[in-house]
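Following: one structure in structure tokens, then a few remarks.
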2 protein chains.
Amino acid sequence: MLGIQTISRQRLGDKIADVLRNQILLGEMNPGSNIPERETAEALGVSRTPLREALLILEGEGLVIMAPAKSPVVANPTVNEITQLILVQSALEGLAGECACEVITTDELDRVQSMHQGLIAIADQAEALDFFSADMAFHEAIVAATKNLPLIKTHAQYNSRVWRARFMSSRRRVKKRSITLQEHANIVEGLVLRDKDQTSAALQQHLRDAITNIATVFANQENQE
Amino acid sequence: MLGIQTISRQRLGDKIADVLRNQILLGEMNPGSNIPERETAEALGVSRTPLREALLILEGEGLVIMAPAKSPVVANPTVNEITQLILVQSALEGLAGECACEVITTDELDRVQSMHQGLIAIADQAEALDFFSADMAFHEAIVAATKNLPLIKTHAQYNSRVWRARFMSSRRRVKKRSITLQEHANIVEGLVLRDKDQTSAALQQHLRDAITNIATVFANQENQE
DNA sequence: ATTATTTATTTGGTATACCAAATTATCTTG
DNA sequence: CAAGATAATTTGGTATACCAAATAAATAAT
């Protein structure tokens, strides 16, 4: 039983969705594993109705697959699907870069820069998850600076869907952290110069790299089997 | 009572969502109007459970706003929100254009071209809704040609959210149909040449125009009040 | 007559009950 | 013992019941 029913005006289903989403992202629920409704509801100390509500939300986000007369399942995207997802993500971040150049405030820019510095600081010793999370947060901060709510939300959803695959690939150290930092430096520079093209291109480059890295990891996995 | 409960393996909630989505897009439900659960459920001849499921789906798509302890409401985006939505849409279609240049088949290209010709043919006498629908279908066909499912789905959702505003603006004839046709011609040409830059740019231009046209319509509306 | 207060009612949120399809286990039959 | 048929059980889908918060209505006090 988790501490879900805290005092709040948010729907239970939303909170359950948050819990499940975290479990999925953090790998506590493996891709492909079942999410039986009664069992899960009981484990969370809630009824099936809000649990189902949460599952519907996650289905809409693409994190859960619900087939008729089958237990809901944690999404388990193929390499191709992940590639497609990151392609969209790169378009979204490209737009975010352009918009950010126009509307980012100096405060927000400072924050992005300090996040970049923070990432540099921990690059030597940080755990994979910590470094990866900080990396993601850096990108989220840029997207957030656009103040474009639909963009922010859609980007966050795509982030969720590719989170695990990107984390796996970052954990394998396929990509050197130094490269990540250099790309981030380009992005920051673009923002400082308010150069749409540079910012957008740097952000997209970052994600194109992610695609090749993930493809490598998947290829290795298949060789092992 | 609508003919919802036909024999099918699809969840009731999905079908209800389809019905409501159509009603919203076609203007049978006005933006801002309430969707009381019991009343609507009864009107559709279903119980509240699947109706709520449908509302959750539509909330996820941004077509319905559900606030705590208030009746669900048909989304009523402001000009700014619509502008933001179309910005994202333009990024998505830009990506679609690039991908389509790579992966579109000759059959699909033929279909796009014939849709373009069809649009030219009806431009003189078609009703606003028919012309607009055909215009939208043309764009959807291009996005579909990418075979990128997440892109297709996300694009469709953004399409839904801006549908009404774009339809209103097209109905006011703010934009001459001849301009639309010329832009479409550029898009088709880009696809035929497999020119990513031209295709992408033409698609984005199309939507940037949409933004200014919609802004005009909204400005006129406010003047009238 | 107006405002404040309280009661009634409506509404969304959650839990439970029921159903049908699908799966699994059991039993029967070759 | 193996294979097919049938019964039992599990699971998701839907309907109903109940609750709490919010709103509307009615009443009382100024």
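A quick note: this is a predicted structure, and the numbers were derived from the prediction, not measured. Throughout, protein chains are lettered first and strands after them, A, B, ... in sequence-line order, and every chain is numbered starting at 1.
- Protein atom CG of Asp14(A) is 16 Å distant from nucleotide atom P of dG12(C), rounded to whole Å.
- With sequence neighbours left out, the side-chain hydrogen bond (donor to acceptor under 3.5 Å, both in side chains) criterion links Thr154(A) to Tyr158(B).
- If you take CG of Leu55(A) and C1' of dG12(D), they are 11 Å apart, rounded to a whole angstrom.
- The distance between atom CZ of Arg38(A) and atom C1' of dA17(C), rounded to the nearest whole Å, is 10 Å.
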Side-chain atoms of residues 88-98 of chain B: list all donor-acceptor pairs with protein atoms under 3.5 Å, sequence neighbours left out, distances to 0.1 Å.
residue, atom, partner, partner atom, Å
Gln89(B), NE2, Asn159(B), OD1, 2.7
Ser90(B), OG, Leu87(B), O, 2.7
Glu93(B), OE1, His139(B), ND1, 3.0
Glu93(B), OE2, His155(B), NE2, 2.7

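- Between Ala69(B) and Ala69(A), the residue anchored closer to the 5' end of DNA chain C is Ala69(B), taking for each the nucleotide with the nearest heavy atom.
- Protein atom CD of Glu37(A) is 15 Å distant from nucleotide atom C1' of dA17(C), rounded to whole Å.
- With sequence neighbours excluded, the residues satisfying side-chain hydrogen bond (donor to acceptor under 3.5 Å, both in side chains) with Thr105(A) are Glu108(A).
- Counting to the nearest Å, the C1' atom of dT23(D) and the NZ atom of Lys70(B) are 10 Å from each other.
- In this structure, the CG atom of Leu51(A) is 13 Å from the P atom of dT11(D), given to the nearest Å.
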Detail all sub-3.5 Å separations between protein N/O atoms and N/O atoms belonging to nucleotides 14-16 of chain D.
residue, atom, partner, partner atom, Å
dT14(D), OP1, Leu12(B), N, 2.8
dA15(D), OP2, Ser47(B), N, 3.1
dA15(D), OP2, Ser47(B), OG, 2.8
dA15(D), O5', Ser47(B), OG, 3.4
dA15(D), N7, Thr49(B), OG1, 2.7
dT16(D), O4, Thr49(B), OG1, 3.4

Without placing hydrogens or testing angles, list every side-chain donor-acceptor pair under 3.5 Å for residues 60-70 of chain A, not counting sequence neighbours.
residue, atom, partner, partner atom, Å
Glu61(A), OE1, Arg21(A), NE, 2.9
Glu61(A), OE1, Arg21(A), NH2, 3.4
Glu61(A), OE2, Arg21(A), NH2, 2.8

What verdict does the side chain to side chain contact (heavy atoms under 4.5 Å, CB included) test give for Lys15(B) and Val46(B), after you've listed the backbone C-alpha separation in whole Å, the side-chain angles of each residue and the deciding distance to 0.1 Å? CA-CA 11 Å; Lys15(B) 289 188 280 192; Val46(B) 298; over 6 Å; no
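- The CD-P distance, from Glu39(A) to dT10(D), rounds to 12 Å in whole Å.
- Atom CG in Asn34(B) sits roughly 13 Å away from atom C1' in dT23(D) (whole-Å rounding).
- Here Phe131(A) pairs with nothing under the ring pair (Phe, Tyr, Trp, His ring centres under 6.0 Å) rule; sequence neighbours left out.
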